[in-house]
Amino acid sequence: MGSLAPVFANRFDRVRRAMQAEGVDVLLLSVGPDLPWLTGYAAMPLERLTMLVLPVDGEATMLLPAFETARVAPHPDLFRIEGWEETHDPIARTAELVGSATELAIGDHTWSRFTVLLQGAMPQASWRNAGTVTGPLRAAKEPAEIAALQRAASGVDRVATALRGGEIPLIGRTEADVAAELGRRVVAEGHAKVNFSIVASGPNAASPHHEPGDRVIRPNEIVLCDFGGTTEEPDGQHGYCSDLTRCVFTGEIPAEIAEAYAHLLDAQQAATAAAVVGTPAGAVDAVARGHLAEHGLDHYFLHRLGHGIGVEAHEDPYLVEGNDVPLAAGNAFSVEPGVYVEGVWGARIEDIVVATDDGPRPLNTVDRELAVVDV
Ligand code: ZN
Ligand code: ZN
Ligand code: ZN
């Protein structure tokens, strides 16, 4: 047992309590982030089935290809490891382990090639997404998880500091070239991999998920940069994600853009201040939208305010109109309002924020003003 054994034991306890509360008999976890969050082991994303079969009470089994069992750090107090040989039928074996249980929850990312076969093998069962059990648990971050998210956030903050300081030349380079440099810097700042690197210049900044291409960045335009990755964590623990957006301007900022940007920043700050424990997630979205509406800018805000973040780049809770679930201590999420004027320009300001009992705490602290970078 490694030093993380107490972490996983605690998560097993919380998962089983949530299963009890939700009336789930057996949890089935394969590829996707739930399994490494719970056990430290990430299933190989291949055609051979890996499946943790976790009954609400009774022994849990990690079923996986026999020749992959050596990859699993054993936690015999939490689950037994069972290898299946090439000629065995892991679907039938999973059904055997489930037995006569009827209320099953299966990992949200499980491939349908497995799910459909499992459903055929267990016609007695009713199925739901494991996210109904694991989502709220993963959303309430433990102190060590907040610390990992802070390390991730500080890493991308340093990249943004270099961007704002003119250390990353923009004018005359393609968006794709700048995006690649941002990605290299994200990795150099403690990330195992880059999840996305958006560079959107001029009119392209009006497209929230712009794919950076061969457009050459010119003087006197906005450049929106949204980048993040997943950290490298020790001892096989799953990494945690970063996600940051900052905009810079390659020349003198026109008054109209300066004014709209100032209101966007007001909206972002007001929403951050409103992200207090107990406030419905949707109400935080409404604060940002309300401020933009006061200045006639709400029609340019095309997406929800934010998303939770953790071992996944997007996870619970979602800050969106209609989500009445109150924010809980330990929730970590983005606060990222934007204005997008089609064909003309756009801007977004994004920080990761944690709801704590002492109030909202932004993990990203790099300056949010629209910086001039004329290199
Ligand atoms: Zn982002
Ligand atoms: Zn985001
Ligand atoms: Zn304002």
Side-chain angles (χ1 to χ4, degrees), residues 8 11-12 15 18-19 22 24-56 60-73 78-99 101-139 192-196 209 229-230 236-241 307-316 318:
F8 298 130
R11 289 179 190 167
F12 264 73
V15 162
M19 288 169 69
E22 296 285 327
V24 171
D25 298 331
V26 181
L27 188 69
L28 296 168
L29 297 181
S30 184
V31 291
D34 281 343
L35 185 60
W37 172 80
L38 186 59
T39 66
Y41 182 70
M44 303 272 297
L46 296 172
E47 77 288 357
R48 293 184 180 91
L49 181 69
T50 296
M51 187 63 82
L52 177 74
V53 181
L54 171 60
V56 66
T61 300
M62 174 96 78
L63 186 65
L64 76 166
F67 64 88
E68 290 174 7
T69 53
R71 297 165 41 88
V72 184
L78 301 178
F79 56 87
R80 52 183 287 276
I81 297 170
E82 180 179 321
W84 58 269
E85 301 294 342
E86 292 284 54
T87 55
H88 290 177
D89 178 355
I91 297 290
R93 182 59 185 143
T94 301
E96 247 172 55
L97 289 166
V98 168
T102 56
E103 299 303 318
L104 310 186
I106 188 161
D108 296 15
H109 294 248
T110 310
W111 293 349
S112 58
R113 66 181 293 158
F114 301 131
T115 306
V116 169
L117 291 175
L118 289 165
Q119 289 178 327
M122 292 177 265
Q124 85 284 4
S126 73
W127 300 78
R128 69 187 90 176
N129 290 333
T132 57
V133 172
T134 57
L137 303 179
R138 277 177 39 201
K193 62 172 181 147
V194 180
N195 295 332
F196 48 85
H209 276 171
T230 304
Q237 199 181 8
H238 201 289
Y240 285 77
C241 294
H307 54 82
I309 189 167
V311 293
E312 272 185 293
H314 288 190
E315 59 181 49
D316 287 334
Y318 293 95

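Values below: every heavy atom of this structure, side chains too, minus hydrogens, waters and symmetry copies. Owing to the predicted nature of the structure, the values given are computational and were not obtained by experimental measurement.
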So which atom in Val24 and which in Ala105 form the shortest heavy-atom distance, rounded to 0.1 Å? CG1-CB, 3.8 Å
State, to 0.1 Å, how close Pro55 and Ala60 come at their nearest heavy-atom pair, and which atoms those are. CD-CA, 3.8 Å
Side-chain heavy atoms of Pro90 within contact of Arg48, under 4.5 Å: no
Non-hydrogen atoms of Gly32 and His109 that approach each other most closely: CA-CB, 3.8 Å
Just so I know, are the side chains of Val98 and Leu28 near enough to count as touching, which here means a heavy-atom distance under 4.5 Å? yes
Side chain of Thr61, backbone of Leu63: donor and acceptor closer than 3.5 Å? no
Non-hydrogen atoms of Ala313 and Cys241 that approach each other most closely: N-SG, 3.5 Å
Tell me, please, which residues at least two apart from Thr50 pass side chain to side chain donor-acceptor pair (under 3.5 Å). none
Given Arg138, which partner from the list Leu38, Asp34, Asp316 fulfils the side chain to side chain contact (heavy atoms under 4.5 Å, CB included) test? Asp34
Heavy atoms only: give me the nearest Phe12-Leu52 pair and the separation to one decimal. CZ-CD2, 4.4 Å
Distance check, rounded to the nearest 0.5 Å: Met51 atom CE versus Leu27 atom CG? 9.5 Å
Given side-chain contact (heavy atoms from CB on, under 4.5 Å), test Trp84 with Asp89 step by step and report yes or no. CA-CA 8 Å; Trp84 58 269; Asp89 178 355; over 6 Å; no
Quick check: do Phe114 and Thr94 have side-chain heavy atoms less than 4.5 Å from each other? no
Let me see the working for Val15 and Leu54 under side-chain contact (heavy atoms from CB on, under 4.5 Å), right down to the final yes or no. CA-CA 10 Å; Val15 162; Leu54 171 60; 3.8 Å; yes
Please report the C-alpha distance between Glu82 and Arg93 in whole Å, then the side-chain angles of each, then the deciding distance to 0.1 Å, and finally whether the salt bridge (charged side-chain N to carboxylate O under 4.0 Å, His left out) criterion is met. CA-CA 10 Å; Glu82 180 179 321; Arg93 182 59 185 143; 2.6 Å; yes
Quick one, Trp37 with Leu137, criterion side-chain contact (heavy atoms from CB on, under 4.5 Å). Give me CA distance, side-chain angles, the key distance, then yes/no. CA-CA 10 Å; Trp37 172 80; Leu137 303 179; 3.9 Å; yes
Would you name the heavy atoms of Met62 and Val72 that are closest together and state the gap between them? CE-CG1, 4.1 Å
Rounded to the nearest 0.5 Å, how far does CZ of Phe8 lie from OH of Tyr41? 13.5 Å
For Ala130, does its backbone N or O pair with a side-chain atom of Asp108 as donor and acceptor, under 3.5 Å? yes
Please determine whether side-chain contact (heavy atoms from CB on, under 4.5 Å) holds for the pair Asn195 and Thr230, giving the CA-CA distance in whole Å, both sets of side-chain angles, and the decisive distance to 0.1 Å. CA-CA 7 Å; Asn195 295 332; Thr230 304; 2.9 Å; yes
Output the distance between atom CG (Leu35) and atom OG1 (Thr110), rounded to the nearest 0.5 Å. 9.5 Å
What distance do His88 atom NE2 and Leu49 atom CG have between them, rounded to the nearest 0.5 Å? 14.0 Å
Using 0.5 Å steps for rounding, measure from the CG atom of Leu104 to the CG atom of Leu118. 9.0 Å
For the atom pair CD1 (Ile81) and OG1 (Thr39), what is the distance rounded to the nearest 0.5 Å? 9.5 Å
Please tabulate, one pair per line, all N/O donor-acceptor pairs under 3.5 Å involving side-chain atoms of residues 121-129, not counting sequence neighbours.
{"residue": "Gln124", "atom": "NE2", "partner": "Gly99", "partner atom": "O", "Å": "3.3"}
{"residue": "Gln124", "atom": "NE2", "partner": "Ala101", "partner atom": "O", "Å": "3.0"}
{"residue": "Ser126", "atom": "OG", "partner": "Glu103", "partner atom": "OE1", "Å": "3.0"}
{"residue": "Ser126", "atom": "OG", "partner": "Glu103", "partner atom": "OE2", "Å": "3.3"}
{"residue": "Arg128", "atom": "NH1", "partner": "Glu22", "partner atom": "O", "Å": "2.9"}
{"residue": "Arg128", "atom": "NH2", "partner": "Gly23", "partner atom": "O", "Å": "3.4"}
{"residue": "Arg128", "atom": "NH2", "partner": "Glu103", "partner atom": "OE1", "Å": "3.1"}

Could you check if a side-chain atom of Thr102 sits within less than 4.5 angstrom of a side-chain atom of Asp25, using non-hydrogen atoms only? yes
